[in-house]
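Just so you know, ligand 1 is whichever comes first in the structure, and atom 1 is the first atom listed for that ligand. All figures in this text were calculated on a predicted structure; none of them were measured in a lab. Heads up: numbering here begins at 1 and tracks the sequence.
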Amino acid sequence: MRTTTDFQKMKQEHDKIVMLTAYDFPSAKLAEQAGVDVILVGDSLGMVVLGYDSTVSVTMEDMVHHGKAVKRGAIDTHIIVDMPFMSYHLSIKDTLLNGTRLIQETGANAVKVEGADEVVAHIKALTRAGIPVCAHLGLTPQSVGVLGGYKVQGKSAAAANKLIEDAKKCEEAGAFMLVLECVPKQLAKAISQSLSIPTIGIGAGAETDGQVLVYHDILMYGVERLPKFAKQYTNLNVEIQKGIEHYISEVKQKSFPSDPHSFMMKEEEMLGLYGGKK
Ligand SMILES: Nc1nc(=O)c2c([nH]1)NC[C@@H]1CN(c3ccc(C(=O)N[C@@H](CCC(=O)O)C(=O)O)cc3)CN21
Ligand SMILES: CC(C)C(=O)C(=O)O
Ligand SMILES: [Mg+2]
């Protein structure tokens, strides 16, 4: 299992960190078997697994429930769990209690929080208390209402400079890693060069220290359209649809279940069926 210091070393050695989300036992097991460096139990589960139209509806209970399943499927992989909407804003005490629940109840290694500004103090408190924190800047989906949609962030020089300052504050507060979502590639490069902690990009170009994408997006699994930054590596929608339709047609045509999928009674036992009368 990789540690926070291993990720630091990977940045120094230009060994790209590959992160993938996972939300349950099978996705975690397959991600671990394929060899991802780190699994993110993203609150994107609210959208791709639970069917909400944003991540704002996701609760601590949801994250604990899915986090536990992921850990059971990937006991040897570094796991980061997203702290959900409003679980790290009310007070430092609430943040520490929620961070503790995510780590203790799921067995995950670290938590992730979105934003800088008021959140920086919470990153510091969690880290001081022994909970590793991954920061997340740029497009922060839990603020979709304030941002006015899922839009690229840091496009102007002023917005870019603010993001560079925010990134430095997250590092100074103790974050061990930083996710950069939907920012121009030049900005992601500048931030990656000015920090000593690794950056993980999603819609941030090729010059971050690592990459993250959503499980269901790379596999085209249950999602209909992909964000511009995501890439489809296979199409499970097609395979799953085909499989289910084949099952339906075989049952309807009475070709399934056939004998190889049935249980048999021995001939002599058959003679005793209905008390020997037939
Ligand atoms: N399936 C999925 N994949 C994700 O990457 C993802 C989620 N869900 N849910 C949580 C957040 C929301 N994310 C999103 C969702 C949509 C766009 C999007 O459509 N962006 C536009 C760019 C808009 C612009 O030009 O400013 C795009 O065309 O990609 C971006 C990030 C990323 N996360
Ligand atoms: C897209 C990644 C970075 C995330 O936060 C999530 O999956 O929830
Ligand atoms: Mg998230």
Side-chain angles (χ1 to χ4, degrees), residues 17-24 27-28 31 36-60 62-63 66-67 70 78-88 98 102 108 110-115 119 133-156 159-160 163 167 170 175 177-185 187-188 198-205 208-233 235-237:
I17 300 163
V18 183
M19 182 188 284
L20 181 65
T21 69
Y23 309 107
D24 55 15
S27 58
V36 302
D37 296 310
V38 51
I39 287 176
L40 173 66
V41 186
D43 59 350
S44 52
L45 70 87
M47 297 172 78
V48 297
V49 176
L50 302 179
Y52 295 126
D53 63 4
S54 86
T55 58
V56 173
S57 306
V58 176
T59 64
M60 276 293 298
D62 292 331
M63 296 314 298
H66 288 270
V70 167
H78 192 99
I79 298 171
I80 303 175
V81 180
D82 263 348
M83 293 194 75
F85 183 75
M86 210 51 74
S87 68
Y88 51 97
N98 287 328
L102 290 175
V111 299
K112 181 163 73 59
V113 301
E114 296 180 6
V119 174
V133 179
C134 176
H136 179 164
L137 296 174
L139 171 52
T140 47
Q142 290 172 15
S143 300
V144 63
V146 172
L147 298 175
Y150 299 113
K151 298 174 186 162
V152 178
Q153 302 295 308
K155 290 204 282 189
S156 69
L163 273 175
C170 290
M177 182 178 271
L178 169 65
V179 167
L180 287 172
E181 178 165 350
C182 284
V183 297
K185 54 185 280 190
L187 174 58
T199 59
I200 308 293
I202 171 165
T208 53
D209 303 302
Q211 178 68 39
V212 60
L213 282 177
V214 165
Y215 189 89
H216 292 58
D217 290 346
I218 67 165
L219 304 175
M220 206 65 184
Y221 173 30
V223 293
E224 294 306 326
R225 223 177 316 122
L226 296 184
K228 172 183 156 78
F229 57 75
K231 183 172 174 185
Q232 171 194 329
Y233 287 88
N235 193 331
L236 293 192
N237 285 344

Do any N/O/S atoms of Glu114 come under 2.8 Å of the Mg ion (ligand 3)?
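Given the 2.8 Å cut-off, Glu114 does not count as a ligand of the Mg ion (ligand 3).
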Asp82 atom (N/O/S) at minimal separation from the Mg ion (ligand 3):
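In Asp82, the N, O or S atom with the shortest distance to the Mg ion (ligand 3) is OD2.
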In Asp43, what N, O or S atom is nearest to the Mg ion (ligand 3), if we give its atom name?
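This residue's closest N, O or S atom turns out to be OD1.
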So is Ala230 touching ligand 1 or not, going by heavy atoms under 4.0 Å?
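Ala230: no contact with ligand 1 (<4.0 Å).
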Identify the closest protein heavy atom to atom 8 (O) of ligand 2: which residue and atom is it, and at what distance?
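Minimum-distance protein heavy atom for atom 8 (O) of ligand 2 reads Asp43 OD1, 2.8 Å.
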Do Ile80 and Val111 come close enough that some side-chain heavy atom pair is under 4.5 Å?
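Of all side-chain heavy-atom pairs linking Val111 with Ile80, none is under 4.5 Å.
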Taking all non-hydrogen atoms of both residues into account, name the closest pair between Leu137 and Gly115 and its distance.
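Heavy atoms of Leu137 and Gly115 come nearest at CD2-C, 3.6 Å.
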Using a 4.0 Å heavy-atom cut-off, which part of Met47 comes near ligand 1: side chain, backbone, both, or neither?
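Within the 4.0 Å criterion, Met47 contacts ligand 1 through side-chain atoms alone.
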Quick one: look at Glu181 and ligand 1, take heavy-atom pairs under 4.0 Å, and tell me if it's side chain, backbone, both or neither.
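The side chain, only.
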Would you say ligand 2 has an N or O under 3.5 Å from any N or O of Asp82?
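Looking only at distances, the answer is yes, because the N/O contact criterion of under 3.5 Å is met.
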Atoms in ligand 2 with a heavy atom of [X] nearer than 4.0 Å:
X	value
Gly42	6 (C), 7 (O), 8 (O)
Thr21	7 (O)
Ser44	6 (C), 7 (O), 8 (O)
Ile202	1 (C)

Distance-only side-chain donor-acceptor flag, Asp43 / Gln142, under 3.5 Å
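Gln142 and Asp43 do have a side-chain donor-acceptor pair below 3.5 Å.
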Record the part of [X] in heavy-atom contact with ligand 2 below 4.0 Å; permitted values are side chain, backbone, both and neither.
X	answer
Thr55	neither
His136	side chain
Leu213	neither

Just to be sure I'm reading this right: ignoring hydrogens, which of Asp217, Leu226, Val223 gets closest to atom 1 (N) of ligand 1? Compare them by their nearest heavy atoms.
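When every heavy atom of Asp217, Leu226, Val223 is considered, Asp217 comes closest to atom 1 (N) of ligand 1.
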Given Val212, Leu213, Val152, which one has a non-hydrogen atom that is nearest to atom 25 (O) of ligand 1?
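Considering heavy atoms of Val212, Leu213, Val152, the nearest to atom 25 (O) of ligand 1 sits in Val152.
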Check the pair Leu45, Met63 against side-chain contact (heavy atoms from CB on, under 4.5 Å), reporting the backbone distance first and the verdict last.
CA-CA 9 Å; Leu45 70 87; Met63 296 314 298; 3.7 Å; yes
Side chain or backbone, does Lys228 bring an N or O within less than 3.5 Å of an N or O on ligand 1?
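Between Lys228 and ligand 1 (N or O atoms, distance only) the closest approach is under 3.5 Å.
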Close approach of Lys112 to ligand 2, heavy atoms, under 4.0 angstrom
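Distance cut 4.0 Å: Lys112 passes for ligand 2.
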Please confirm whether His66 and Tyr23 have ring centers closer than 6.0 angstrom.
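Centroid distance His66-Tyr23: not below 6.0 Å, so no.
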